[in-house]
Amino acid sequence: MHLLWGALAASASLPFSQAAVKNHTGNGFPNGRAAVPFPNVVYPGASVPYAVAGAKTNQTSPPSYPSPWGTGLGDWAEAYEKAIAFVSQLTLTEKVNLTTGVGWEGDKCVGNNGAIPRLAFNSMCMEDSPLGVRDTDFNSAFSAGVTTAATWDRQLIYQRGFDMGSEHRDKGVDVQLGPVVGPLGRAPEGGRNWEGFSDDPYLAGQAVMATVQGMQDAGIMACTKHFIGNEQEHFREPGEFDGVELPGYSSNVDDRTMHEMYLWPFADAIRAGTASIMCSYNQINNSYACQNSYTLNHLLKNELGFQGFVMSDWSAQHSGVSSALAGLDMTMPGDESFDSGTAYWGANLTIAVLNGTVPQWRLDDMCVRIMAGYYYVDRPNNMVPDAPNFSAWTTDTYGPYHWYANKDVTQINYHVDVQGNHAQGIRALAAAGTVLLKNNGALPLTGNERLTTVFGEDAGENGWGPNGCGDRGCDNGTLAMGWGSGTANFPYLITPQEAIKAEVRANNGNFESVTSSAAFNQMQALANRVGQPGVGGACIVFANSDSGEGYITVDHNEGDRNNLTLWNAGNHLIKTVADYCNNTIVVMHTVGPVLVDSFYDHPNVTAILWAGLPGQESGNSITDILYGKVNPGGKTPFTWGKTRASYGTDLLYMPNEGDAAPQLDFDAGIFTDYRGFDRRNETPIYEFGFGLSYTTFSYSNLQVQSHGITPYVPTTGNTPAAPTYGTVSNDTSDYLVPEGFDRVPVYIYPFLNSTSLNASSGDPMYGIDYTFPAGGYDSSAQPYLGAGSNVAPGGNQQLYDVIFTVTADITNTGSVVGDEVAQLYISLGGPSDYNAKVVLRGFDRITISPGATVTFSADITRRDLSNWDIDTQNWVINDYPKTVYVGTSSRKLYLSSPLDTSSSGSSNTTSSSMMSSASSYSTSTVWSAPVSSASTESAASTESAPWTASTPETTPWAASTESAPTWSAWSAASSGW
Ligand code: NOJ
């Protein structure tokens, strides 16, 4: 009975009235619907205050009420019809059950809401993670987000999303807790950056779009997270630090940075139809993310027109009524703190609706949004037997269904193998996301090396087993994912050591490895042997850098990295080998950038690869690259700076406001990563978007077609008034615990234990004179925002009008087939402290045969050309002259053309400024100085950049022909591409 009736009885001991009295919002302002957000008067003294100074310590967040009700915009219409029909039949407690989790470890998934047994509607299963099904077995461990982004390949990204979604579906998961675009990656040390894609909002936006589409096409709901400003692990939740109780940190973000950086990829997730969005732990401008009316009501639901539901991160809810009015729709895992047995919602939400502190329309809106997500992805036709067929709390076959209460022992794991043929895709994607940073002709290996040697703990097994550290909370053996909730159990983990050895032995070669971190003498001796005349071969050194979620500390790193150096004495390891072996190939598995300054230009370091976080097929993927079975085409999704300081942003490691909330000022504004490097004229070692190939490419013939710019019309008009669905009985006896009900201890239920709301609350503060924002109760028709839409989610739909189409020819000037990621950047013009030098606005990964020319094409939308204007609260294409660039990285932009964004530039003509000859490359580059010497040095054939058409015949191995691969190796490889 409990299995179905998950959330049915109330605990007699629940203190029920937190909903009515708790408010930590910092939003207790009089009703103000659309105050000017983060007004620039708070940045005195800054020349362009909203762009440069960023938000300030103790900045506040403007109130925005009421919470917008979903209306079934765009392709959500049918899902809304079904959801409304469903919700209209529900009783008050059944509605509350949809919104509230049953408590930590109360059911089988990492989160479950209550069931509606009267309608045979099961509790929904919410399960991590963004890279596979967490906490179970016979699942795949996919590549992490950061490696996925490094492919710059929308098709591969979509397929990964679909395969992950299929695995969740087949385990009986309703909501996969991913993908991640927050953190975006403001500071490179951020512990969870790797769960997301890239610190560039455009690349992250494209990746989240393809991922959400893939996941949801498989028939499960995506939960795009963490909304918003969730950029570090330190102080993310209220807690103790050095004996002092601290609130969670506040990300202080200015309005323009919010729109142009952090909100941008969420807009793309919404356009892709993400069914849910998870609000984060941190505060934004000193209001907690799960009760911040500005970010949830104004930005997410009003401006972006989000039609799905907002789910709290686990225990990120800090109020009852306030969070409801501020736009939260579902609380997870449902209890106030893990296994407290108390809840802000559950029975308290029932009370709040009955006493009028939460209007019925708001509860109905929560439910319709949840059910609309459910129907939007067609959950009813994607159910599996025994769902969920696993328990997040054990892999034992039998055990308690209600884990924390240790109740109802039954079969809880069916060990369903959901892997399908996903291993192939994982291998291909990890290889596609591997970035070749340096190659002096050492790669690809021929397979005929006399002695192949492998060094470093990162090449080998974790002696505790691939899953030996809970949630991967250690750095033993090869690194294939970071740690925390963003993980999955490995079904197996192919190590580089075993894969390379198998490859070498297939060619009857000799192989030795030293994978003990401390064995420097043995490493030196082995490297020395390779370096001997008459021996030769390759020394492949593996090193890593790890990070994860803040609830686990690894080697003194509390989630966030303490530094940007390689772990396990990686630098010393590389130097030890490189000093003796003149063909040292460095492979790095890292969560983000590391400092490579100590070895990248070592004369014996002949090649460097960033293999990211590849997942279960790690060894196979890197072997495919090393031996040229796959030609590398990945591009780095972040910048590799010379020093930690070159990033210009850092984490907050120590509280900075006494016992008040630590203040994390996003004072770099839009100038993070390459934008910041460019602005400061800081030369990186490897720039954003950089990556080499075993072939070479040239760029020519830039064409710009203008489709015309129609006037941008801010959206006007009003929403309908807030609807209600079904009636709510005022008879409190209708909501009492059903008689004789056998409740699960410490479970969160929606029922009252008394007909008196006050008594039922059990809270001595019930009914205190507290004023909630009056606007929160306004159910009248509301004006649409100018930047919003009354047509479809994602904001004003004119933002996605295509204004220009840009094409360029790319020729494979080498002798092997290869992938090139052509990248389109735009200079939006204006002062250098206002706009970045260039911003990424298009890309495509294209496979090109030797000698062939393929046309790259990318559309530029109105949004791509716009800045967020804080005065008009809308996107504006301003008068600053704009230029489009096409090239192979953020600093190798070979082709350029002005973009005429004046109304006179709206004819459908071809730009006369197109670049059609190879000789125009150097003059058309955005950089007045030649490309960074560091990057040039690391290019395949140093003195001639590999893709300049003036030396088309130059290939990485042309200079040292003996290392060129045979054609048979390439044709074998190409069959897998
Ligand atoms: C907290 C993490 O921040 C979130 O990403 C995850 O989905 C939940 N825990 C559930 O595990």
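Start at 1 and go down the list; that is how both ligands and their atoms are numbered. Throughout, numbering of the chain's residues begins at 1 and tracks the sequence. All of these numbers come straight from a predicted model, not from anything done at the bench.
Note: Trp264 and Tyr202 have tilted aromatic rings, judged against thresholds of 30 and 60 degrees for the angle between ring planes. The aromatic rings of Phe241 and Phe235 lie perpendicular to each other, with more than 60° between the two planes, well past the 30° mark.
For the side-chain hydrogen bond (donor to acceptor under 3.5 Å, both in side chains) criterion with Ser485, the lone passing option out of Arg192, Glu195, Arg134 is Arg192. None of Asn285, Thr295, Asn292 except one satisfies the side-chain hydrogen bond (donor to acceptor under 3.5 Å, both in side chains) rule with Ser61; the exception is Asn292.
If you look at Glu233 next to ligand 1, there are no close heavy atoms at all, none under 4.0 Å. Using a 4.0 Å cut-off between heavy atoms, Lys225 contacts ligand 1 through its side chain alone, with no backbone atom that close. Neither the backbone nor the side chain of Gln176 comes within 4.0 Å of ligand 1, counting heavy atoms alone.
Looking only at protein heavy atoms, the nearest one to atom 6 (C) of ligand 1 is Asp128 OD1, 3.3 Å.
Within ligand 1, counting atoms from 1 as listed, the ones closer than 4.0 Å to a heavy atom of Arg236 are 3 (O). With ligand atoms numbered from 1 in the order given, ligand 1 contributes 2 (C), 4 (C), 5 (O), 6 (C), 11 (O) to contacts under 4.0 Å with heavy atoms of Ser485. In summary, the atoms of ligand 1 found under 4.0 Å from a heavy atom of Leu177, numbered by their order in the structure, are 7 (O).
Heavy-atom separations between His226 and ligand 1 include at least one value shorter than 4.0 Å. At least one heavy atom of Arg134 lies less than 4.0 angstrom from ligand 1. At a 4.0 Å cut-off, not a single heavy atom of Met126 sits close enough to ligand 1 to count as contact.
If you look at Trp104 and Trp393, their ring centroids are closer than 6.0 Å. The ring of Phe306 has its center no closer than 6.0 angstrom to the ring center of Phe227.
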